[in-house]
There are 2 protein chains.
Amino acid sequence: MATPERLIEATRELLWERGYVGTSPKAIQERSGVGVGSMYHHFDGKAGLALAAMQRSAQELRDAAEAHFAGPGTAVQRIASYLLRERDVLRGCPIGRLTMDFDVIEEARLRAPLDELFAWLRARLADLVAEGQTDGDIDTRLDPQAVGAMIAAVVQGGYVVARSAESAEPFEASIRGALQLLGYEDGA
Amino acid sequence: MATPERLIEATRELLWERGYVGTSPKAIQERSGVGVGSMYHHFDGKAGLALAAMQRSAQELRDAAEAHFAGPGTAVQRIASYLLRERDVLRGCPIGRLTMDFDVIEEARLRAPLDELFAWLRARLADLVAEGQTDGDIDTRLDPQAVGAMIAAVVQGGYVVARSAESAEPFEASIRGALQLLGYEDGA
DNA sequence: GTCTATATCAAGATAGAC
DNA sequence: GTCTATCTTGATATAGAC
């Protein structure tokens, strides 16, 4: 793997595990096997490297979500497919967790990828809810924007309660609750 | 205010703003106006002080929630009262945010207050959902545990999406979505 | 109980040789 | 492009005087 590539991958892992404040250049150098000089040659310090890592992670999450949203089935089934997809629950969301990082939120350039991902996700979910209403699967009295936001939030909040309990169970219960309220009937 | 008290209050503020990893003993000393020697005399280092601060914040959140849960009205109205209460949305949850802190989750003693708060909250919400079912206000086909977990999660996730957008709006939309799905009718 | 001095190691980089 | 050396400041304490 090329040097910038190794730096980005190591940074993505560290940001996911420890957040931005908890990630040091030294740790990035050790995990990537890249030396100090090379790191500062290829990137504009910790912030520049983190930005590249965040952009890639956000794009991956977006592609993964879109694969479910654009898949087969009714709108409700596609929302369920997204909510029920395999997740490493206790690791949390590699992008959502950075939202609690002071230095990220404070700097517009670093907050931008988070903002774009979640704005896209809420809008996409709102569209699917509206589509479900057209199909007759979702109550038309509901506000699609509000329900879309709620779906995005329940995933992020699910990670929070799961990590506090050191167990995936509260996450899974949260998703189950949301799906039941949406009238989704699974095979169970 | 007594010295330990000043230390705890300063630490609570800093943990809320910057998280555990982002809070240094030096910052605590500066914000509290207490010297190094005094800090280490009264508390077992950063971790001990953080533990005291976290325990107090968790208790406050619990008392605040219980005031809504034990208030007047139907179960659904009391859930709504909790969800709609005044919040400093962009600051997030002083306890929930610590869930993304590596050093907190890693150390059992520091994770305990988070676990206890959210376990209590989910159970309390599940009870209220069951009560709402008994009252005939909530669909009895729903699993109270799952819906309780979902309600706890939507608040925490609401903070995540709000902070990413630097706006309270996504938080408010998420809560609105959850309330609509619960069949809560407000005055709007 | 509080203060100042001191210690060790890490954070986050820059400089200049190769 | 990469390496080693070096720099400044901060993190997280401990020691011992007052």
Side-chain angles (χ1 to χ4, degrees), chain A residues 1-55 97-98 100-111 113, chain B residues 1-56 97-98 100-111:
Chain A
M1 215 182 346
T3 298
E5 197 58 24
R6 276 190 290 149
L7 284 164
I8 289 176
E9 288 304 315
T11 304
R12 295 207 310 145
E13 289 173 24
L14 285 162
L15 289 178
W16 196 357
E17 275 173 35
R18 330 271 311 213
Y20 182 77
V21 171
T23 294
S24 67
K26 187 180 195 195
I28 294 170
Q29 289 145 24
E30 278 164 3
R31 184 158 316 200
S32 63
V34 169
V36 200
S38 296
M39 172 175 151
Y40 287 98
H41 174 75
H42 291 288
F43 291 95
D44 180 19
K46 174 179 166 176
L49 182 43
L51 180 58
M54 287 163 57
Q55 283 166 340
R97 69 112 67 228
L98 297 173
M100 294 304 151
D101 234 308
F102 186 91
D103 293 358
V104 169
I105 292 307
E106 198 198 27
E107 195 173 333
R109 170 172 80 130
L110 294 180
R111 186 173 59 80
Chain B
M1 214 179 353
T3 298
E5 197 57 24
R6 276 190 292 151
L7 284 164
I8 289 175
E9 287 305 315
T11 304
R12 296 208 309 145
E13 289 173 24
L14 285 162
L15 288 178
W16 195 358
E17 274 174 35
R18 329 271 310 214
Y20 182 76
V21 171
T23 294
S24 67
K26 187 179 194 198
I28 294 169
Q29 288 146 24
E30 277 163 3
R31 186 160 313 200
S32 63
V34 170
V36 200
S38 294
M39 171 174 152
Y40 287 98
H41 174 78
H42 290 288
F43 291 96
D44 179 20
K46 175 179 165 175
L49 182 43
L51 180 59
M54 286 163 58
Q55 283 166 341
R56 177 171 304 176
R97 69 113 63 228
L98 297 173
M100 293 303 149
D101 233 306
F102 186 91
D103 292 359
V104 169
I105 292 307
E106 198 198 27
E107 195 174 334
R109 170 173 79 130
L110 294 180
R111 187 173 59 80

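So that the names make sense, note that chain A is the first sequence line, chain B the second, and so on, each numbered from 1. Remember, predicted model here, so these are calculated numbers, not experimental data.
Residues meeting the side chain to side chain contact (heavy atoms under 4.5 Å, CB included) test with B:Val34, sequence neighbours left out: B:Thr3, B:Arg6, B:Leu7, B:Ser32, B:Ser38. A:Ala108 pairs by the side chain to side chain contact (heavy atoms under 4.5 Å, CB included) definition with nothing, not counting sequence neighbours. Shown here are the side chain to side chain contact (heavy atoms under 4.5 Å, CB included) partners of A:Glu13, two or more places apart in sequence or in another chain: A:Arg31. Shown here are the salt bridge (charged side-chain N to carboxylate O under 4.0 Å, His left out) partners of A:Glu9, two or more places apart in sequence or in another chain: A:Arg12, A:Arg56.
Taking atom CG on A:Leu49 and atom C1' on C:dA13, their separation rounds to 14 Å, with Å as the unit. In this entry the distance linking CD of B:Glu5 with C1' of C:dG1 reads 17 Å, nearest Å.
Two residues are said to be in side-chain contact when any heavy atoms from C-beta on lie closer than 4.5 Å; B:Leu49 and B:Met39 meet this criterion. Using a 4.5 Å heavy-atom cutoff, the side chains of A:Leu51 and A:Pro113 are in contact. B:Asp103 is not listed as a side-chain neighbour of B:Leu110, based on a closest heavy-atom distance of 4.5 Å or more.
Computed from C1' positions of five pairs at each end, the angle between the two local axes of the helix from C:dG1-D:dC18 to C:dC18-D:dG1 equals 0°, rounded to 10 degrees.
Across all their heavy atoms, A:Ala53 and A:Thr11 have their closest contact at CB-CG2, 3.8 Å.
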For every nucleotide of nucleotides 2-18 of chain D, 5' to 3': is a protein heavy atom under 4.0 Å from its base (B), only from its sugar-phosphate (S), or from neither (-)?
-> BB------SSSBB----

